[in-house]
Amino acid sequence: MRLKRTHTCGELTAEHINQEVILNGWIATNRDHGGLIFIDLRDRYGKTQVTFSPEKVPEIAADAKRLGLEDVIAVKGVVSPRPKGNINSKMSTGEIELDVTELEVLSESAPLPFLVSNRESGSEELRLEYRYLELRTAEIQRSLAIRHKTYQATRSYLAERNFIEVETPVLMKSTPEGARDYLVPSRLHKGRFYALPQSPQTYKQLLMIGGFDRYFQIVKCFRDEDLRADRQPEFTQIDIEMSFVDQDDVLNLAQGLTRSIFKRVRGEELPEEFPRMSYQEAMETYGSDKPDVRFEMQLREFADFASESQFEGFKSVLANGGRVKAIVAENLADKYSRKVIDGLTDWVKTYYGVKGLAFMKAENGGLSGGISKFFTDEQLASIRKRWDVADNDILFFVADEDGERALQTLGALRLEIARRENLIPENIFKPLFVLDFPLLEFGPDAGRYVARHHPFTSPQLEDVPLMESDPAKVRARAYDLVINGYEVAGGSIRIHQQAMQQQMFKLLGMSAEEAERRFGFLLKAFQYGAPPHGGIAFGFDRLIMLLSGTENIRDVIAFPKTTSAMSLMDEAPSFVDEKQLKELHIRLSEDVKPAAE
RNA sequence: GGGACCGUAGUUCAGCUUGGUUAGAACGCCAGCCUGUCACGUUGGAGGUCGCGGGUUCGAGCCCCGUCGGUCCCGCCA
């Protein structure tokens, strides 16, 4: 190129007037007035208006007429003040313009599938196909810049505190516990496969045994599971592990890191001490293990009222060990007609599998409608009093013999109503730690207990005796960091003693032989002096979502995949040549062959 | 694995309820006019495999079945 930029498109101001400069960039808009042509030239740093005057430079102005959106050009000219009344206060460069004397067309753009100036002008499907164009949009430029700042903030915070960044393998041993693995066939070892890491869990523990007492890594993880708005098949974690620590040390570190990131990236002051809440309390008051505490509408216990009522549905649920809880949605009774309530009822039935949704409305100082007829006036009055119910509030009730399901359903309803009614304040951040997760849960499919976090999670010491008598009651030394209803980080103190690890495997129904086959390398390492250790992993993408204010994980990843794990731009995954398969000792089954050919 | 919504011009959408002459609009694109615009204005023009396959019908963008793709949710995600 002949004309190399001397400045970016975002930096010229009145101070540069009369200087001769060169700008390079993309054409954001062009406004051809016949006698005078305006082009807004754009790069990552901003936009600058450049003008072509047919009077002064007739040949160049004639060339400029042929330019189109997103052509890449270089222009040389003199920085000039805009005439009075033509200053654009919306642009940082709005006081000046570039009076062009030379033009070099570096590259022309084909007609655009959507407008770079307006992301809404194309469907997400189309934008993903032309992701490189979407990367030019202000939104994606901004969120990737936030992502970059967050990498920097993370590295400097941790490095300043003696953490050492270590890379762990991407090709590793498959450990079929947890999510499905992405597998990579081995050419050299017939019939064998590597797995891509679901997380560097085992490696970080081995690093502790290896004496790297404070480790971190910003690392890609891979899970072959179905996707959601906040889940991608490959995603990034800030992985952290520490030796000679207890739970509070890890939480304080995570808290400090989070505060530092929000401060440095957004200028946002998070509380010095994040609130801490037990898993049990989170479930009881919010119906979720990742409560959004930006708004109230907490779950209320209804068992005592229900058991004294005439409502057999609730009474039989309670008699069978179930739960009945309620929420009070303030000032919505008039808005929630029978039809709206029926809609919500269908919604909870369909998605959460409960039998129904009960309600009452508060009016004229009492409670009426719905299930109110099963209660005496005295009972209704005392419900209103205990919950401080005001006229026009509406009360929703969910009962289920599976108590956890009742809580989760009501928690989901709480969120749904809050979203519909815009009860969730934006641009505020409410972090909290959720603690004391159960170590195990009964897996109906497996017919045994499965680790809720992972099989290396330490039980709380006082609960160890329960491992024999009542495993479901054992609490783990596991914790999550939740912000605005997103699980942003999760971790645990690990088991570092062989005997305990073996007991854990036994509880999980894993024989000594099986444990040896799957995790033998780790168990062996534990024989050579394992320090007590624990850690935490941040979902980096979700953190960026919060920092940049989006609810779509694809907005914060440069080249994301669709909800069916396809990359629309390069069409991955793709079929491969027979020759490649042969080298890998792989033969496709008959039913997929026609598609491959 | 299951459910809901969506797929029509380069793009965003309307048309589908109630099948019927030539499938419309806006933006973009092309050509012209325009010296102070910044969502420039203005005149004209081109542009359609109605995702794909099958069925019903005299006749299908519209109804039915299947399929592919997108989004959101349940299951799943230690």
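Bear in mind that the values here come from a model prediction, so they are computed numbers and not experimental data. To find a chain, count down the sequence lines: A is the first, B the second, and so on, and within it residues start at 1.
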* Would you please determine if the base of B/C74 is stacked by A/Y351, with stacking meaning a centroid separation under 5.5 angstrom and planes under 30 degrees? => no
Per atom distances to the A/L115 side chain, the nearest of B/U37, B/G28, B/U71 is B/G28
Considering only heavy side-chain atoms of A/D32, the closest of B/C34, B/C29, B/U71 is B/C34
Partner of B/A25 under the Watson-Crick or G-U wobble criteria, both distances under 3.5 Å, comes out as B/U12
A/R228 has its side chain closest, among B/C74, B/G28, B/U71, to B/C74
Side-chain contact check for A/E225: nearest option of B/G70, B/U12, B/C77 is B/C77
Open item on the list: Heavy atoms only, 4.0 Å cut-off, all strands: where does A/R31 land among base, sugar-phosphate and nothing?
Closed with: base
- request: Indicate, with a heavy-atom threshold strictly under 4.0 Å, whether A/S53 touches base, sugar-phosphate, or nothing.
  value: nothing
Closest to the side chain of A/T29, out of B/C40, B/G70, B/C77, is B/C40
Applying the 3.5 Å cut-off to both distances, the Watson-Crick or G-U partner of B/U37 turns out to be none
* Asked: Counting N and O atoms only, with roles assigned by atom type, does the side chain of A/E404 sit under 3.5 Å from a partner on the main chain of A/G287, one being a donor and the other an acceptor?
  -> no
Across every strand shown, the nucleotide meeting Watson-Crick or G-U wobble geometry with B/C52 (both distances under 3.5 Å) is B/G66
Which value, in whole Å, describes the distance between the P atoms of nucleotides B/G1 and B/C13? 29 Å
The answer to which of A/Q408 and A/F38 contacts RNA chain B further toward the 5' end, by nearest nucleotide, is A/F38
task: Can you tell me, in whole Å, how much space there is between the P of B/U8 and that of B/C52?
output: 10 Å
Tell me if the aromatic rings of A/F433 and A/Y479 count as close, with their centers under 6.0 Å from one another.
no
| query | In whole Å, what separates the P atom of B/A60 from that of B/G54? | reply | 13 Å
Whole-Å distance, A/E124 CD to B/U12 P, equals 12 Å
_If you count heavy atoms of other groups shown closer than 6.0 angstrom to CD of A/E139, is the number above 12?_
yes
* **Exceeds 12 heavy-atom contacts within 6.0 angstrom, atom CD of A/E95** => no
Partner of A/D555 under salt bridge (Lys or Arg N to Asp or Glu O under 4.0 Å), picked from A/R119, A/R131, A/R127, A/R542, is A/R119
For this session: May I ask you to say what A/T457 touches in the nucleic acid, namely base, sugar-phosphate or nothing, with a heavy-atom cut-off under 4.0 Å?
Result: nothing
Practice item. Rounded to whole angstrom, note down the C1' distance from B/C64 over to B/C73. Key: 27 Å
- Task: Compare the ring of A/H33 with the six-membered ring in the base of B/U37 and state whether they stack (centres under 5.5 Å, planes under 30°).
- Result: no
Checklist line | Any N/O donor-acceptor pair, A/R127 side-chain to B/G70 base, under 3.5 Å | finding: no
Atom CG of A/L112 and atom P of B/C30 are separated, to the nearest Å, by 11 Å
Next item on the list: Can you check whether any acceptor in the base of B/C76 is under 3.5 Å from a donor in the side chain of A/R223, or vice versa?
Entry: no
Would you indicate what A/T562 reaches in the nucleic acid, counting non-hydrogen atoms under 4.0 angstrom: base, sugar-phosphate, or nothing?
sugar-phosphate
Should we say atom NZ of A/K506 is surrounded by more than 12 heavy atoms from elsewhere, each under 6.0 Å from it?
no
For B/A4, the nucleotide meeting Watson-Crick or G-U wobble distances (both under 3.5 Å) is B/U71
Task: Separation of the C1' atoms in B/C5 and B/U49, to the nearest angstrom - done: 25 Å
Mate of B/U18 across any strand shown (Watson-Crick or G-U wobble, both atom pairs under 3.5 Å) is none
Is there a donor on the side chain of A/R82 or the base of B/C38 sitting less than 3.5 Å from an acceptor on the other? yes
- prompt: For A/L126, which contact category applies under a 4.0 Å heavy-atom criterion: base, sugar-phosphate, or nothing?
  reply: sugar-phosphate
Among the nucleotides B/C72, B/C76, B/G36, whichever has the atom closest to the side chain of A/L36 is B/G36
(request) Would you indicate what A/E97 reaches in the nucleic acid, counting non-hydrogen atoms under 4.0 angstrom: base, sugar-phosphate, or nothing? (result) base
* To do: Would you state whether a donor and an acceptor, one from the side chain of A/D226 and one from the base of B/C76, lie under 3.5 Å apart?
  => no
Look at the side chain of A/R180 and the backbone N and O of A/D224, then say whether any donor-acceptor pair between them is shorter than 3.5 Å. yes
Any donor-acceptor N/O pair under 3.5 Å between B/G69 base and A/E129 side chain
no
When the P atoms of B/U37 and B/U21 are considered, how many whole Å apart are they?
48 Å
Using the C1' atom in both, what is the distance from B/A4 to B/G10, to the nearest Å? 30 Å
Self-check item: Side-chain donor or acceptor of A/T562 paired with backbone N/O of A/M566 under 3.5 Å
Solution: yes
Whole-Å distance, A/E441 CD to B/C77 C1', equals 12 Å
Of A/V450 and A/A229, the one whose closest nucleotide on RNA chain B sits nearer the 5' end is A/A229
message = With hydrogens left out and only the distance checked, is there a donor-acceptor pair under 3.5 Å joining A/Q49's side chain and the base of B/U37?
response = yes
Quick note, A/R554 side chain, CB onward, closest among B/U12, B/G69, B/U71 is B/U71
Exercise. For atom C1', what is the distance between B/G61 and B/G19, given to the nearest Å?
Worked result: 10 Å
